[in-house]
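Reviewing the structure listed below.
As the structure is a prediction and not an experimental result, all values here were calculated from the model. Just so you know, these numbers use all the heavy atoms, side chains as well, and skip hydrogens, waters and symmetry mates. Within every chain, numbering begins at 1; the chains are lettered A, B, ... in the order of the sequence lines, protein sequences first and strands thereafter.
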Amino acid sequence: MDLAYNHQDIEPKWQKKWEDSHVFKADNNSQKEKKYVLDMFPYPSGAGLHVGHPEGYTATDIYCRYLRMKGYEVIHPMGWDAFGLPAENYAIQIGVHPQKSIADNIVNFTKQIKSLGFSYDWDREINTSDPDYYKWSQWFFLLLYKNDLAYKKKAPVNWCESCKTVLANEQVVDGKCERCKNEVIQKDLEQWFFKVTEYADELLDGLDKLEWSHALKTMQKNWIGKSEGAEIKFQITNFKSQINNKFQIPNIKKIYFATGNDAKLKRVKKILAKIAPDLKVEKVPDYVEVEEDGKDAFENSFKKVIPYKGKYDIPVISMDTAVFFDGEDINPLEPKRSALKNIDESKLSQEEICQKMLDFYKNIAQKNNGQKEFYYEDYWTILYPDGIHQQVKNKRDYVLTREELSKVDIYFPMRSLYYSQVTGKSADQTNEEDYFKEFENVSRALKTLLGLQKINPPTSEEALGIKVFTTRPDTLYGATYMVLAPEHKLVQDSKNQIENFTEVEKYIDITKKKSDLERTDLNKNKTGVELKGLKAINPVNQKELPIYISDYVLASYGTGAIMCVPAHDQRDFEFAQKFNLPIIDVVESERKTKVLIIHGLGSNSNENWFQWLKKELEKNNYEVIVPDMPDSEKPVLKIWLQELEKIVFDFTEEDIIVSHSLGSSAAMNLIQKMNLKINKLFLVAPATEFLFQDKGVRDNIESASTEDNKKFTKEFLSAKIDYKKIESNIHKIYAYFSDDDPYISLNQKKDLAKVLEADYKIFKNKGHFSDTCLELPEIIPDILEKIKAREANGTMVNSEEFDGLDSEKAQIKITKKAKGQLTTQYKIRDWLVSRQRYWGTPIPIVYCQKCGTVPVSEEDLPVLLPEDVKDFRPTGQPPLASSKEFNANVKCPKCGTDAIREHDTMDGFVDNSWYYYRYLDPKNEKEFCAKENIKKYMPIDTYVGGAEHAVGHLIYSRFFTKVLRDNGYLPVDRSLGEGGKFDEPFLKLINQGLILGTDGQKMSKSLGNVINPDEIIQEYGADSFRMYEMFMGPLEDSKPWNIDGIKGLRRFLDKNWKYFSSINYGDDFSDQINSALHKAIKKVTDDIQNFRFNTAISSLMIYFKELSSLDNPNKVLVNSYLIMLSTLAPHICEEIWQKLENSGFICQQEWPKYDEKLIKEDKITLPIQINGKLRATIEVEIDVPENDLKDKILELENVQKFINNEKIKKFIYVKGKIVNIVL
RNA sequence: GCUGGAGUGGCGGAAUUGGUAUACGCGAUGGACUUAAAAUCCAUUGGAGGCAACUCUGUGUGGGUUCGAGUCCCACCUUCAGCACCA
């Protein structure tokens, strides 16, 4: 055997041998139990591998090698997340095509990764930028599209007019473009989204069953951001809706309206004339009224329509007008005919009838197990130019089931087209003015109809008004105004109603220009504009509320509008202060606010204005404490503070301290010492250390005080005060001075007020606020002044019949009264997947003149990314628009006419949301992955990667997996019992920590502290490198790189090499070393299973130290050890294994087992404590009984010494652990 | 501001979950080998005191629970990460 350990020979040699023998190949047909261990695949950047990458890879590699030895079929693949911006930016900079640069980078990465000896199954390598791969990314897009989970909508983006491009948030600096310094605007652009929000609740609940770190789970929880609350609608007074939106109608030129009712026709025509003047609306010429004779007629007509749907591909539109049951009309607008006919409707408002109807309806649905829903249907068809029509009408007693409804393309309620929700009358009887009041509903329905989009049926409650979401419906009586997001639809819709619209528009413009940073940076400084001319009505007390717009309300959360309760919400409070809006308390604390009054030198509780103030405040329900301070003629600060601490120990941020003269100094010392956090501090003629900075004042004190006074005052005031701390602990400080105060100069007043940021008042002729000052009325409003919102729960006040109720209990009751609904809101947004970039997966959509947005059919996938794009620079057009190849010969998959391709590509996160499925079947041309392979290997048992993907990749992947589940692509999971489907891709997830630079900072090019692994592997070898990275500390922690550390591990391997070069298998064996071996096996096995490699290594070192004292060690002692070590340092162990003339690969050996009996020691060193301090130890049998032990211990010299003839109170003996003698 | 982590020698970090604090490694100091250096081997290494046996002290700070606390509870300080007007 060679004397020198030469890693440069050994490592490549074994890497080749492993590869040639396919030892790490995962067999899809294996009968062994599987383990899927996955690393987050890297983006192959030009910079190459960085010491952070191999940390996670080494951990999984050790774990996989262990699992294989344990007899599992381990799948452990590697691939490339190759699409992404850096390659494209590189292309812009250097001019190398991304295809080329990525291919080069992959070669380099592969070389680097392979040099570390990882046990990947390279046959499964994937590359997301490979057409064979992204074909299936496109397939996923179509899957989502089919499920209504992919949609296109306008979204605001940062747009630079001069560069003609979308900018990322980081590229916007001070509201200006980073490059050209032009102003950046918020522009609405059509973007593709994935509806992650649909699964928000499930993504949240699913977290519970995952073995992820607590930190990561809470991160996802926060990101999803569920909050429970209520949706409440505020009606708007004097609102006249304006028609100011003209819709683009791309592919419908004429509509036939099938009706016998001329009033309806007239109404529709009128609306369409305004929103789509070019569209022709006609009555179906050969229209025949269908008899109103019940179910059969409707069903027949319904059936007649369906074939047309297939034949001409006509969208069939169904409209709900009322709810029916068993032939009984329960249309609330026609109550006489309804199921509610026995209710005396004359006493009920329309809304109340609606509520009754809804309850009635829910009741029925419940009786039917929710299976059936009941709709009364009117029926429409719309026709393409010169197309065919069919129409069914007015089947008043038909019960339409959900299945039937599903045959219809578009469904939406359109009651308002027929019945006015304002007047309750039918179309024929409603005058035009009333009916335009409902324009909102009607035009929306028509817009949907003409745009051929599916929408959710609006609820019957959704008439005019502002809907808000609130988590505090209990505070509804305290709402004093409303705020809309500047982007709120109502603002534009009520343009003509708003008297100050120019001002409003200006504000909207300004907020559009604000970058996100600006919007949040200035978040204390609230801005906004009132919408003059509009008022909202509080649904519980009918009070009129002003409406504002402000950018502190986000359009993208909740309903984009809020009710504002300044008394109980800090943000609303700040806004209300600024705009002078009323603040009404509706939730009161159960505890009285406390006020402590501290008197000054030589004074007491009865003097001056204190008792007066006490009485005044008690009238206002405050609890006032005025203590007599001890020895007030000769005050000692320490003693005062002791007294005061007893009083303020339970003070909260609600409470107040009023202090006078020397008492102010005591108050500040008290606050500082106790770190007391209170609401307000009043400093009345405060005597502080400032006093002595002015000679004039010093003289004044000299002359006015007795000798005793002087001495004590000086002492009292000499304590240092940390004004900054006091200022930060108190919400507001008030300072009162008098112009003729003999002790305090004007300068001090200013200095003190400034340093404390206090509100200060200067009174006339109040002296030192002592003898002459009997009352101080000015203090009352300051004490009563509200300076922050009280957000806690409590008891209801000012809330009519709810007064006295617990605020939490009032939530549901008040919501009910407001006719609101309990709802849930999420912070998570739909996932914007469009990128106006080249290097990504093309979105498989075409736009057809006739058919609109059409998905590319599956058999035409992949839509290839063209190679003839030369210029990647953003020009306003996405790069794909400039490709000839890409845009030639595009036909509509539906009608075959010319069409235009979607030019945006997809976010790279789409590609990597499903890659772990592709590994299971990387070459499959028919499916993204064969079902049986999913069944064999999913879900992933262990997933290791960086925490930076906590909320992106990990949420999106979970989302994709849930979509697959809902579409039947996931097989039953054995571990979840019969019929159980797995729907979480990553059961256990481990985030490796960062490896920091030697300076303890994050590695970055600019800091020049990046460590290149190549050189280190070159010098010390992959085995040393792997072991060092694992030995640095817990995998999940961040820790700095230290080159000296690796030397220690190299030293350890050198010692191993040297030792195993010098020995032969022999007979050296003892119970002691055998016990050590079994201990090591147990520890290493446990540690590897729990990814605690640092301690595994340390126990191997400890064992090796013992082993290496044997000249001819027993074979088991050596081989068990080598097998364990080989997971960490595979190359050197293979080499030693071979040199010791063992057969086969060490990586294919069986993992050693341990015997619990051999680990147990019969003798231990028992520590002996006296009064909890270690005083002696004793060698004993492990389970020696107390009786045998006690005397022995008491005889020990050191024990005797410490007991020192004292009585033993207690003798505690924990078997096998410790003895503690209590004296 | 909110949420979640983390604070242990000169450094990276251990501590069987409440039972001898500082395992293992690095560094440092002393010694051996060497003409010398490197490498290697041996010894020492939390702080203070003592010739020594040994004693006191010590896990961010201050309290508490316990026979016993790095570990549990309360408050605070520092630090890292994520979110950030989410109604």
Side-chain angles (χ1 to χ4, degrees), chain A residues 213-223 225-227 229 468-472 475 483 485 516 519-526 550-554 556-565 568-572 574-575 674-675 825-829 947-948 950-951 991 993-994 1000 1002 1027-1028 1031-1034 1036-1049 1051-1052 1054-1055 1058 1082-1083 1086 1092 1094-1102 1105 1164-1177 1197-1198 1201 1209-1214 1216-1223:
Chain A
S213 74
H214 181 65
L216 201 85
K217 282 188 190 181
T218 41
M219 236 191 263
Q220 288 214 349
K221 267 181 204 159
N222 290 344
W223 189 260
K226 182 177 182 166
S227 22
V468 303
F469 173 73
T470 174
T471 53
R472 291 296 300 275
T475 61
V483 176
D516 280 3
R519 243 172 119 150
T520 53
D521 252 14
L522 306 166
N523 79 37
K524 282 256 158 67
N525 209 353
K526 299 273 183 293
S550 169
D551 61 7
Y552 88 88
V553 174
L554 306 173
S556 49
Y557 182 77
T559 59
I562 58 170
M563 68 174 206
C564 297
V565 186
H568 305 290
D569 182 287
Q570 188 57 27
R571 294 154 302 180
D572 297 346
E574 284 158 19
F575 191 89
M674 292 184 71
N675 198 11
Q825 283 291 337
Y826 299 91
K827 277 204 272 191
I828 193 171
R829 307 283 149 82
E948 66 273 20
V951 288
N991 285 124
L994 288 175
K1002 213 169 163 176
M1027 285 193 79
Y1028 173 57
F1031 191 62
M1032 287 169 83
E1036 309 214 50
D1037 291 3
S1038 291
K1039 54 244 150 185
W1041 179 269
N1042 176 6
I1043 190 65
D1044 287 334
I1046 199 170
K1047 288 180 188 160
L1049 276 301
R1051 213 171 282 164
F1052 172 67
D1054 275 337
K1055 281 187 221 167
K1058 213 164 158 189
K1082 181 182 160 74
K1083 178 83 176 128
D1086 274 7
R1092 289 191 302 241
N1094 52 335
T1095 48
I1097 293 172
S1098 116
S1099 40
L1100 285 171
M1101 285 172 164
I1102 293 167
K1105 209 170 250 177
I1164 57 154
T1165 318
L1166 197 66
I1168 297 156
Q1169 295 184 332
I1170 294 169
N1171 281 340
K1173 283 182 181 166
L1174 184 75
R1175 295 302 180 192
T1177 57
E1197 191 190 333
N1198 221 31
K1201 188 172 122 198
K1209 281 198 194 126
K1210 232 183 198 177
F1211 186 90
I1212 295 159
Y1213 171 46
V1214 185
K1217 297 264 189 205
I1218 205 159
V1219 170
N1220 194 7
I1221 300 166
V1222 186
L1223 299 176

Report yes if at least one side-chain N or O of [X] is closer than 4.0 Å to OP1 or OP2 of [N]; otherwise report no.
X          : N      : answer
Lys1002(A) : C80(B) : no
Ser227(A)  : A87(B) : yes
Lys1039(A) : C80(B) : no
Arg1051(A) : U40(B) : yes
Asn1198(A) : U55(B) : yes

Which nucleotide in the set [options] lies at the smallest distance from any side-chain heavy atom of [X]?
X          : options                : answer
Asn1220(A) : U20(B), C76(B), G19(B) : G19(B)
Thr218(A)  : G4(B), G25(B), C85(B)  : G4(B)
Thr1095(A) : A15(B), A87(B), U3(B)  : A15(B)
Lys827(A)  : C85(B), C83(B), C24(B) : C83(B)
Tyr557(A)  : C24(B), U20(B), A87(B) : A87(B)

Classify the nucleic acid contact of [X] as base, sugar-phosphate or nothing, counting any heavy atom under 4.0 Å across all strands shown.
X          : value
Lys1055(A) : sugar-phosphate
Ser213(A)  : nothing
Lys1173(A) : sugar-phosphate
Ile1102(A) : sugar-phosphate
Asn1094(A) : sugar-phosphate
Arg1175(A) : sugar-phosphate

### Query
Under a 4.5 Å cut-off applied to non-hydrogen side-chain atoms, are Thr218(A) and His214(A) in contact?
yes

### Summary
So CH2 of Trp1041(A) and CG of Leu994(A): to nearest 0.5 Å the spacing works out to 14.0 Å

### Task
Measure from NZ or CZ of Lys526(A) to the centre of the six-membered ring of Tyr552(A) and say whether it is under 6.0 Å with the direction within 45° of the ring axis.
yes

### Task
Tell whether Asp1044(A) reaches the base of C26(B) with its side chain through a donor-acceptor pair below 3.5 angstrom.
no

### Query
Do Lys1047(A) and Asp1044(A) sit within salt-bridge range, that is, some charged N less than 4.0 Å from a carboxylate O?
yes

### Query
Given that Gly560(A) and Lys1047(A) both sit by RNA chain B, which one's nearest nucleotide is further toward the 5' end?
Lys1047(A)

### Message
Please determine whether side-chain hydrogen bond (donor to acceptor under 3.5 Å, both in side chains) holds for the pair Asn1042(A) and Tyr1028(A), giving the CA-CA distance in whole Å, both sets of side-chain angles, and the decisive distance to 0.1 Å.
### Response
CA-CA 10 Å; Asn1042(A) 176 6; Tyr1028(A) 173 57; 5.4 Å; no

### Under the 3.5 Å Watson-Crick or G-U criterion, the dot-bracket string of RNA chain B, with | for inter-strand pairs
(((((((..(((......[....)))((((((.......))))))((((....))))..(((((..]....))))))))))))....

